[in-house]
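For reference, the structure discussed in these notes is given below.
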Amino acid sequence: MDYRFREIEKRWQKYWEENKTFKTGDDLTNPKKYYILDMFPYPSGSGLHVGHPEGYTATDIVSRYKRMNGFNVLHPMGWDAFGLPAEQYAIQTGTHPAVTTNKNCDTFRRQIKELGLGYDWDREVNTTDPSYFRWTQWIFIRLYNTWFDKGLGKGRDIAELPVPQGISDKGEKAIREYKDSKRLAYYDDAQVWWCSNCKIVCANEEVLTDGSHEKCGNPVVKKNLKQWMLRIPEYAERLLDGLESVDWPGGVKEMQRNWIGKSTGAEVDFPVEGSNTRIKVFTTRPDTLFGATYMVLAPEHPLTPILTKPGEKKNVEQYVVEAAKKSDLDRTDLARDKTGVFTGSYAINPVNNKKIPVWVADYVLTGYGTGAIMAVPAHDRRDFEFAGKFGLPVEAIMDPDTRDTDLREKVLKGEECWTEDGKYINSANSKTGLDINSLSKEEGIRVTITWLREKGLGNAMVNYKLRDWLFSRQRYWGEPFPVIHWEDGEITLLDESELPLELPHLEEYHPGANGESPLANSTEWLYVTGPDGRKGRRETNTMPQWAGSCWYYLRYIDPKNSESIFDSDLERYWMPVDLYIGGAEHAVLHLLYSRFWHKVLYDLGIVSHDEPYQKLFNQGMILAFAYETATGAKVAADMVEERGGSFFHKKTGEELKQIVAKMSKSLKNVVNPDDVTKRYGADSLRLYEMFMGPLEATKPWDEKGVKGVFNFLNRTYRFFSDELNLMDGDEDNETLKVLHQTIKKVTIDIENLRFNTAVSSMMIFTNLALKKGKVTRKSAEMFILTLSPFAPHLAEEIWHLYGNTVSLANHPWPQYEEKYLIEKTIEYPVSFNGKMRFTIDLPAEIEPAEAEKRVLADPRAEKWISDKQIRKIVVVPGRIINIVL
RNA sequence: GCCCGGAUGGUGGAAUUGGUAGACACGUUGGACUUAAAAUCCAAUGGCCGUAAGGCCGUGGGGGUUCAAGUCCCCCUCCGGGUACCA
């Protein structure tokens, strides 16, 4: 019978939809629950590309497998639908982003259904739906009303914040300011890239390396704008700790640790000569204080203008302007030339009372540490380069621990930099009373910190690279903040009962004046009057796209609840997410932000677990073929023709090179799953996505490869759908063995997310069945069940042909039996000096000594031994025999 | 720059996690079927030498550990992801 995949797939998709086959069970007494989650997509206008179904097919297979193993499965899908493209489209066409968004969601939903992916569509969420973002706003209010209690190491309600006597004495305003300084969400100036031509804030990626705006080519500068910020660094330690308990790829954990960037050290105050001002620095190496020969302030440091002497004013001001044009990446790039200017001021090094110059340089960043450093050029590479360039003194305070005498001499003379360990020298001062000479590094650090503390000059300190999270965007298409700015400067949040605060309908989506979002143009929405007659203005910023994706996994649990964010019993049952699959590009930001919110909700007693995602897996990216000329110019795929295995430009006839690149509109190499489904069917697409290679690998899409799995499905369908190929009675021994091997392999591979080898083992079984010509009905049924999570339409069809009247989706998973897998003999490879020469069949249970004897008795061994002395024979039971000559 | 990954036939990949390198596919070549094509089926297919038996080489490059290295260690090259307003 022909494999009529179009008809078959349509039939079963209809069946699943009508029977709600994949509806989540509501039996909370079933202890076997499995919450399996895909990173939900941004529904772009171009629809799905073949990269999306990769992860979705993987989770679908696991879902179906778990369901067949008696699990209560939660497997939902939704849309991360706020975002820039819909807004830009609105600016151009005036179409409301909600219209565009809904259309795109419809396309995505249709495409996903046509792939036979078994989601519970009754739980679909959409971040742009007011009934969803109502709760995003609700969480924001929670963040605003939470402070982090360092003593307890957890977030608490702001009402429980103890206000020091000195502050409460000063009255309401002081108390309010104190509380605001502790809230997890706060409103303050933050630096953003500003294009004065377009009058908008730019994303880093929109700023080109020469500091110009990608869209208009005009230079961008950094500008301070009032922004909402979240104090994620308060949770740094918790975010580090939590990584210990989750089953995530090591690389992702490592990236998160590095991103948090914990470093321990000390903060040290440097008095400024002739002033009461002190410069506070953070250093991981307080033990090198004796080597500090100058100081550096970040250009944006508040003391920069104050410490600049009149004679240096022009230089410094110009330098600060220039620095504002550079990105952090440019500024800290080790390979780049260091720049800086002298302020004219001097600080006093507290350990030896030496006068040291204060410079301004952009290799020091405001956002990290205190925005000022003490420079120890003898023992820090960046400081050494800077000192060399500007002729600043280099004083070695560490005798290098090296055998390279030449290098050691240079270091001691200040001609080389030494960042490794050594013995302290020149590290004592009788007047200040600090002496760390001859101590080890740890002791040096400890003694110096004790000394600093005693003198009131500093203290031990932990610093994190992790910065406050800039949580607002100057956009229309995002969640509005439930915030009112009153004319007297007070900020209040809406009451929960007033949520959701919806977006106003606009005629015009152009940005507002002075970098405000388009919401600033919606005067009716914007201005409010309080019950007391006080006038106020709503927040015009909206939340970033991260906001909706930070907690969507929680809403899936109870998506239609209008009373609360979700039901607690349901949350306790379903959380944590058992398996989360998505792209590695989200390794840090999304996953870190999401964990942060979850921990706050946990501290407030809203969720029951400290970590949201128990197991994480990153699927690799799918690339596509692209073409380039000999000079490396890219050629759009529709301009290329293939002739005899080579590729040529259709117009110029030039021979082109086939390369592998990201799918992109400009290269015209985007593969649409619809085209593949039309030609080969959804089961083929699914199977190919899994067969291409390991789920985590980056791999190129090759249409020819689809043919391979299509052939397999064709053969499988033709063989197993034909009654003539089925027999009653006992199964052939070889068939039985391979069948059970296949079930075992597929079972273990699904558990380990190794789908590519599962598919190949099923191919092996079908190939054998075809060779044998007949299999028993029982074998056929077991095989079809094994195949069903991968090619569900085809499997349901054959299952139905075998006389079953209900879907196999809830049929128990086939069990393999070890007794069919036992081998009586093992084919041992025999190698001489590690080179395999021949194989020998030996009983599986053979003793090593007996194996040795049998090998040496084999005539083929003679040739390799000849007259040589046998030095050793290694027999690894079940594996190999190696004879060392 | 910094952090995290990766590199195996003409191509995608497999390799019991230190034990026969190339499973399973694609492609190619030859054959069968056909008036022909498609589809399907059968066979061969890492490179080099050889009629063959067989031999030598071979997992990005260089070194090392081991009876044994694609797998472990050190150094290098190239490619990909992230780099906080793309999400």
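Just so we're on the same page: letters track the sequence lines, and every chain starts at 1. Not measured: the values here are computed from a predicted model.
Of the residues near RNA chain B, A:Met763 and A:Lys699, the one whose nearest nucleotide (by heavy atom distance) lies more toward the 5' end is A:Lys699. If you find the closest nucleotide of RNA chain B to A:Met255 and to A:Val759, the one lying nearer the 5' end belongs to A:Met255.
With distances taken from any side-chain atom of A:Val874 to the nucleotides B:G19, B:A23, B:A21, the minimum falls on B:G19. Checking B:A84, B:G13, B:A23 against every side-chain atom of A:Leu466, the shortest atom distance belongs to B:A84.
Side chains of A:Thr825 and A:Asp841: a donor-acceptor N/O pair is absent below 3.5 angstrom, by distance only. Counting only N and O atoms by type, the side chains of A:Thr57 and A:Glu689 include no donor and acceptor under 3.5 Å apart. Side-chain contact, A:Ser831 with A:Asn882: a donor N or O sits under 3.5 Å from an acceptor N or O. Side-chain contact annotation: A:Trp477 with A:Thr542, donor-acceptor N/O pair under 3.5 Å absent. A:Asn541 and A:Gln474 share a side-chain donor-acceptor pair at under 3.5 Å. Side-chain polar atoms of A:Ser263 and A:Tyr464 form no donor-acceptor pair below 3.5 angstrom.
A donor-acceptor contact under 3.5 angstrom links the side-chain atoms of A:Asn882 to the base of B:C67. For A:Glu254 and B:C3, a side-chain-to-base donor-acceptor distance below 3.5 Å is absent, hydrogens and geometry of angles not being considered.
A:Trp477 comes within 4.0 angstrom of no nucleic acid atom, judged by non-hydrogen atoms across all strands. Within the 4.0 angstrom heavy-atom criterion, base atoms lie near A:Gln227. At the heavy-atom level, A:Asp80 lies under 4.0 Å from the strands shown only through sugar-phosphate atoms. When heavy atoms are screened at a 4.0 angstrom cut-off, A:Pro85 is found touching no nucleic acid atom at all. Residue contacts for A:Glu827: at a heavy-atom cut-off of 4.0 Å it reaches a base atom on one of the strands shown. Among the heavy atoms of the strands, none lies under 4.0 Å from A:Ile873. Among the atoms of the strands shown, base atoms are found under 4.0 Å from some heavy atom of A:Ser472. At a threshold of 4.0 angstrom between heavy atoms, the contacts of A:Asn833 with the nucleic acid are absent. Residue A:His586 is classed as a base contact, given a heavy-atom separation below 4.0 Å to a base. In this structure, A:Trp259 reaches the bases: a heavy-atom distance under 4.0 Å links it to at least one base atom across the strands shown. Within the nucleic acid shown, A:Phe691 comes within 4.0 Å of at least one base atom, counting heavy atoms only. Counting any heavy atom pair closer than 4.0 Å across all strands shown, A:Lys253 reaches no nucleic acid atom. A:Met621 comes within contact range of the sugar-phosphate backbone alone, with a heavy-atom separation under 4.0 Å but no base atom that close. Using a 4.0 Å heavy-atom criterion, one finds that A:Leu470 contacts the bases of the nucleic acid, with or without backbone contacts as well.
Taking the P atom of each, B:A43 and B:C26 are spaced 14 Å apart, rounded to whole Å. Atom C1' of B:C86 sits at a distance of 44 Å from the matching atom of B:G18, rounded to the whole Å. Across B:U28 and B:C67, the matching C1' atoms stand 40 Å from one another, rounded to whole Å. Comparing the P positions of B:C3 and B:U71 gives a spacing of 24 Å, expressed to the nearest Å. The C1' atoms of B:G70 and B:A23 are separated by 15 Å, rounded to the nearest whole Å. Distance noted for atom P between B:C2 and B:C76: 12 Å (whole Å). Comparing the P positions of B:G80 and B:C75 gives a spacing of 23 Å, expressed to the nearest Å. Using atom P as the reference point in both B:G30 and B:A14, the two lie 31 Å apart (nearest Å).
Between A:Arg467 and the phosphate of B:A84, there is no side-chain N or O to OP1/OP2 separation shorter than 4.0 Å. Taking only side-chain nitrogens and oxygens, A:Lys835 never comes nearer than 4.0 Å to OP1 or OP2 of B:G19. OP1 or OP2 of B:A14 sits under 4.0 Å from a side-chain N or O of A:Asn756. A sub-4.0 Å separation between OP1 or OP2 of B:G27 and a side-chain N or O of A:Lys707 is present. One finds no side-chain N or O of A:Arg754 lying less than 4.0 angstrom from the OP1 or OP2 phosphate oxygen of B:A23. Side-chain nitrogen and oxygen atoms of A:Arg715 include at least one within less than 4.0 Å of the OP1 or OP2 phosphate oxygen of B:C41.
Taking the centre and axis of the six-membered ring of A:Trp248, the NZ or CZ atom of A:Arg595 falls inside the cone set by 45° and 6.0 Å.
Computed from coordinates, the A:Ile622 CD1 to B:G6 P distance equals 19 Å when rounded to whole Å. At whole-Å resolution of the value, NZ in A:Lys704 and C1' in B:A25 are 13 Å apart. Between A:Asp189 atom CG and B:C85 atom C1' there is a gap of 17 Å when expressed in whole angstrom units.
Its glycosidic angle being within 90° of 0, B:G9 falls on the syn side. With a glycosidic angle no further than 90° from 0, B:U17 counts as syn.
A side-chain contact (heavy atoms from CB on, under 4.5 Å) with A:Ile883 is found for one member of A:Val875, A:Val855, A:Val874 and no other, namely A:Val855.
Base pairing annotation: B:G18 forms no Watson-Crick or G-U wobble pair, as no partner gives both donor-acceptor distances under 3.5 Å. With a 3.5 Å ceiling on both atom-pair distances, B:A53 lacks any Watson-Crick or G-U wobble partner. For B:C72, the paired base is B:G64 (Watson-Crick or G-U wobble, both distances below 3.5 Å).
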